[in-house]
Amino acid sequence: MDEQWRLARKSEALRIRSAVIQAVRLFFIDRDFLEVETPLRIPEIAPEAHIEAPASENWYLQTSPELCMKRLLAAGYPRLFQVARCFRKDERGQLHLPEFTMLEWYEKGVCYLDLMERCEDLIGFTAEKLDRGNVLVTAEDRHISLKKPWERLTVAEAFRRYTSLTPEEAVARDRFDEIIGFEIEPNLGRGRPTFLYDYPVSLGSLARSKRDDPSVAERFELYLDGIELANAFSELNDEVEQRRRFENEQQRRAADGGTVYREPERFLAALPHLPDSAGIALGLDRLVMLFAGAACIDDVVAFTPEML
Amino acid sequence: MYEASDLRKNLKIQIDGEPYVVTDFQFVKPGKGQALYRCKLKNMITGSQFERTFRSVDSFEEADLQEKKMQYLYREENKYCFMDNETFEQVYLTAEQVANAADFMVENVDVDILFFGDKPLGITLPNFVDLTVTKADPWVKGDTAAGNAKPVVVETGYQLQAPPFVEEGEKIRIDTRTGEYVTRIKD
């Protein structure tokens, strides 16, 4: 009876979860996006310094559907979305599950700035479908207005506002993540959502460098109520540059004693065909948390790994 | 040896030869960034606290503590008295050292007392304890599917949320790490 009780307590959150996912699908289908499914189990992942994939025999469980989706984009599909299960080794906390649900979408002919507007529209549309009007109420009863436009804040400006270092100094001292995680993130998306954008180029391995300032990558993260919800960028489609970036990530992995992944050769071979485009990964569980007023990711999934 | 991914609340580690307990724990990982483990640590001897952020490459020694099974006898104002069942030796812990263990401890039960050398420092509770419910609203039959919860009080005075079918006089199992209801115990 206790097991039934524990699961029954989640009924409202699970209802909201289902409604959010239906709204998201409707939003993209209405706008002529093709919903795709790509394999969860893949032979290579994009090597990134701090993303660990669980092994599955001598392949991996995907950490994101990014590589396959970009290969489709390169083959001529102009607008794609996917709701996919993703896996990250050793990630567990209030906002992290080792298996979670990601929404990714890719669009030809747009840049990261256009995706900001798409985010505003998507979450506004979802709120409308769930009869929330223009305001989300969080677990601690804080209100977030979804009225457009949302705040746009460069990484450089955020560092000026909340710290005494520049982003470049923080990277050089290996303190960037710590400062973002503890000094900056908790202030973002309060009252209204925040797009934090233009990251140091070394922190956007698959992102295009900005045309008029190659020291930054065309990358943004979206925050609501201090929670990192999505990561987006203008896609890098220069094969040589991408190989160089991967090499750099592999060296950082090796330096930390991590696995050096095989290079995703088929993805790299497709890059010259990748049109100018932008793509984004959004944590659907976290989006559901915001609509359900949940303080912990455990509250919006039926089963956590600990319950299995 | 512990790795950073082992860090959690109540873990006991050794830093510079002294035992520390993790009193608060937060896992933070910017999507593309490194995993960070922010801990509040309390020196188990001096009680002094500080905050430190660890990374996945960090590792720690286990705190060099001994446990001795002792019987909880009584509370006297701000002190709790425990007795070694074989030697009858008695030791005292302060309310601060006992901390929330008091919520799960009735007189005459055996608990593990932690020692650093010959200094008693605290209590290791079993992960689960069974306690009798002393106060609960009666069950309105059929009120289960909605996943409702109601407050109940157990014999130590501790209050928690339990399913509506739990009634006064019944024994329930509590997870001492989270303080949450686990299941009803049928004798």
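In what follows, chains are A, B, ... by sequence order, proteins preceding strands, each numbered from 1. Since the structure is predicted, the reported quantities are computational estimates derived from the model, not experimental observations.
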What part of [X] lies closer than 4.5 angstrom to a heavy atom of chain A: side chain, backbone, both or neither?
{"X": "B:Ala162", "value": "backbone"}
{"X": "B:Arg8", "value": "neither"}
{"X": "B:Thr183", "value": "both"}

Atom group of [X] that falls short of 4.5 Å from chain B, counting heavy atoms:
{"X": "A:Glu178", "value": "both"}
{"X": "A:Arg252", "value": "neither"}
{"X": "A:Tyr199", "value": "neither"}

Listed by chain and number, what are the side-chain hydrogen bond (donor to acceptor under 3.5 Å, both in side chains) partners of B:Asp175, not counting sequence neighbours?
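B:Arg177.
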Residues which pass side-chain hydrogen bond (donor to acceptor under 3.5 Å, both in side chains) with B:Glu168, listed by chain and number, not counting sequence neighbours
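With neighbours one apart ignored, the set is empty.
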What residues of residues 13-34 of chain B make heavy-atom contacts with chain A at a cutoff under 4.5 angstrom?
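Interface residues of residues 13-34 of chain B: B:Gln26, B:Phe27, B:Val28, B:Lys29, B:Pro30, B:Gly31, B:Lys32, B:Gly33, B:Gln34.
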Taking only heavy atoms into account, what residues of residues 96-129 of chain B are found under 4.5 Å from chain A?
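Hits under 4.5 Å: none found.
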Heavy-atom pairs under 4.5 Å with chain A, option from B:Ser5, B:Pro163, B:Ala4 with the top count:
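Highest number of pairs under 4.5 Å: B:Pro163.
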Could you tell me whether B:Lys150 atom NZ has more than 12 heavy atoms of other residues or ligands within 6.0 Å of it?
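Buried by this count: over 12 neighbours within 6.0 Å.
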Could you have a look at A:Glu91, A:Gln94, A:Arg88 and say which one has the most heavy-atom pairs with chain B under 4.5 angstrom?
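Most pairs with chain B among the choices: A:Glu91.
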As an exercise, state the distance from CD of B:Gln161 to CZ of A:Arg9, rounded to the nearest 0.5 Å.
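The CZ atom of A:Arg9 is 6.5 Å from CD of B:Gln161, to the nearest 0.5 Å.
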How long is the straight-line distance from CG of A:Asp177 back to CZ of B:Arg55, given to the nearest 0.5 Å?
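Those atoms lie 7.5 Å apart.
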Please examine the side chains of B:Glu3 and A:Asp90, heavy atoms only from C-beta on, and report whether any two atoms are closer than 4.5 Å.
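Sidechains of B:Glu3 and A:Asp90: no contact.
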Contact summary for B:Val57 and A:Asp256, nearest pair of heavy atoms
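Smallest heavy-atom distance, with atoms named: CG1-O, 4.0 Å.
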